[in-house]
Colleague: 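The structure under discussion is supplied below as structure tokens; questions concerning it will follow.
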Amino acid sequence: MGLQGQASKEWFQRASAALVNGVSSQFRYWGDDDTLVIEKGEGGYLVDVDGRRYLDLQCGFGPIILGHGDPAVSGAVAEAAGEASSFAMTQRREVEAAEKVMAALRWPSRMRFTNTGTEATMHAIRLARGMTGRDVIIKFEGQYHGMHDYVLFSTAGGPAGHMGSRFRPVPWQSSSGIPEAIRSYIRTLPYNDLDMVERTFKSEGGSIAAVIVEPMLGNAFGIMPADGYLAGLRRLCDEYGALLIFDEVKTGFRLGLGGAVAHFGVTPDIGTYAKAMGNGFPVAAIAMSDAVAEGWRRSGIAQAGTYSGNAVAAAAATATIDRLADGEAFRQIEATGTRMMEGLAKTLADRGIAGHVVGQPAMFSVFLAEEAPKEFRDVVNHDAETYDAVAMKMITKGVMPCPDALEPWFVCAAQTTDDAELAVEAFADSLDEVLAG
Ligand code: PMP
């Protein structure tokens, strides 16, 4: 179809001459004719280099929680950048930010900053292995925990059909370049199936260091945990002496100030946070229980990062959390997201189309099938062809969800219920056009 205007076309050619495929992250490449080049953000909107405006329902893959260019966050970042950057020592802004993070999350005893979600999950896994003296990690199909070798198996980018029998899942390697031996350290299980986790613990519990889980499946439609599922994981980890890691890179500071821990009422041993914690600036964290912090202090488990806790990242986190603290931003997101979810569901129902709007008002997806999904393997039932065509049409109408339904729609506090109406209208019109052929 070709989403690019003339300026995007020219900038993308320049991008491709400098960056591999014209992007710095593979998920941003939509093809040579459809990859847009962005000029700036304005609250809940994006403007591309052709001056076209889009309601931004990607929110940068989740980090934009307040809106683009939030004045309080940008102001704090500019002030910090003028005075400080990285030092070979702990700095005041880093301490203040850590206190804010801990007070917001409530459950951790200690934390450390990293720069990205990938670093946070990598360190969390090393910490779990170092604490338990075990090597194997359980992860769930369709979940994404970043780009390091230990977790790049059976992510949502892969075909569900390549993951083996549901009862004997095969870890599907999501990239070339991962040493074959790494596969032996991972067990990939269907999400929302506690029996499978229990069976795995029963047969090899002595080798399992940790279960790492996105508390809701933020990288595959926003599938929600079944009642008792997270509590069941907690119980099994306790029973078999493994650590429970919540990867809250998407849910943290998005499902509310306390993230998934507060939302679902289950507390992990280690939590990883990034994205919404800094409203788009690169800041992440590993948070942990007292027992893990104590074990880490006494052990030789390595963690470091030149830029970890830098002034800009710390200022972004402090200012973002300050802006989120009174709950107003979350109330706004709840109102906007709920209006969208209801409007989308009604649009499907009015047309007699089988489908479900899955997730939470802050992050949700449209799943086109009779049954709502419970795990990643259900994606084979989703009518991706129709959905993807609808999403591309929406973008031409100035409303931009991710064109791939696996990636949820994200809502930020700068968006309003009027924006929700706009999104629903664009969805309905696009759907009608696609159905009309
Ligand atoms: N964990 C989860 C749940 C994520 O969604 C992501 C990124 N989408 C990551 C980890 C990796 O974070 P980053 O891109 O900051 O490395």
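Small disclaimer: the values here were computed from a predicted structure and weren't measured. Read the numbers this way: they start at 1 and go in the same order the structure lists the ligands and their atoms.
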Colleague: Salt-bridged, R166 to E141, with N to O below 4.0 Å?
Modeller: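 Not counted as a salt bridge, because no side-chain N and carboxylate O are separated by less than 4.0 Å.
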
Colleague: Residue by residue, ordered by chain and number, which ones reach under 4.0 Å of ligand 1 with a heavy atom?
Modeller: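 The 4.0 Å shell around ligand 1 contains T116, G117, T118, Y144, H145, G146, E214, N219, D247, V249, K250, K275.
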
Colleague: Relative to Y150, does R129 satisfy both conditions: NZ or CZ under 6.0 angstrom from the six-membered ring centre, and within 45 degrees of the ring's axis?
Modeller: yes

Colleague: For the pair E204 and R134, evaluate salt bridge (Lys or Arg N to Asp or Glu O under 4.0 Å) and give the outcome as yes or no after the intermediate values.
Modeller: CA-CA 11 Å; E204 50 181 336; R134 304 169 178 178; over 6 Å; no

Colleague: Do D247 and T272 get their side chains close enough for a donor-acceptor pair, meaning under 3.5 Å?
Modeller: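 Per modelled atom types, D247 and T272 side chains form a pair under 3.5 Å.
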
Colleague: Do N219 and E214 have side-chain atoms, one donor and one acceptor, less than 3.5 Å apart?
Modeller: yes

Colleague: Going by atom types only, do Q303 and R126 share a side-chain donor-acceptor pair under 3.5 Å?
Modeller: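 Note: Q303 and R126 side chains miss the donor-acceptor criterion.
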
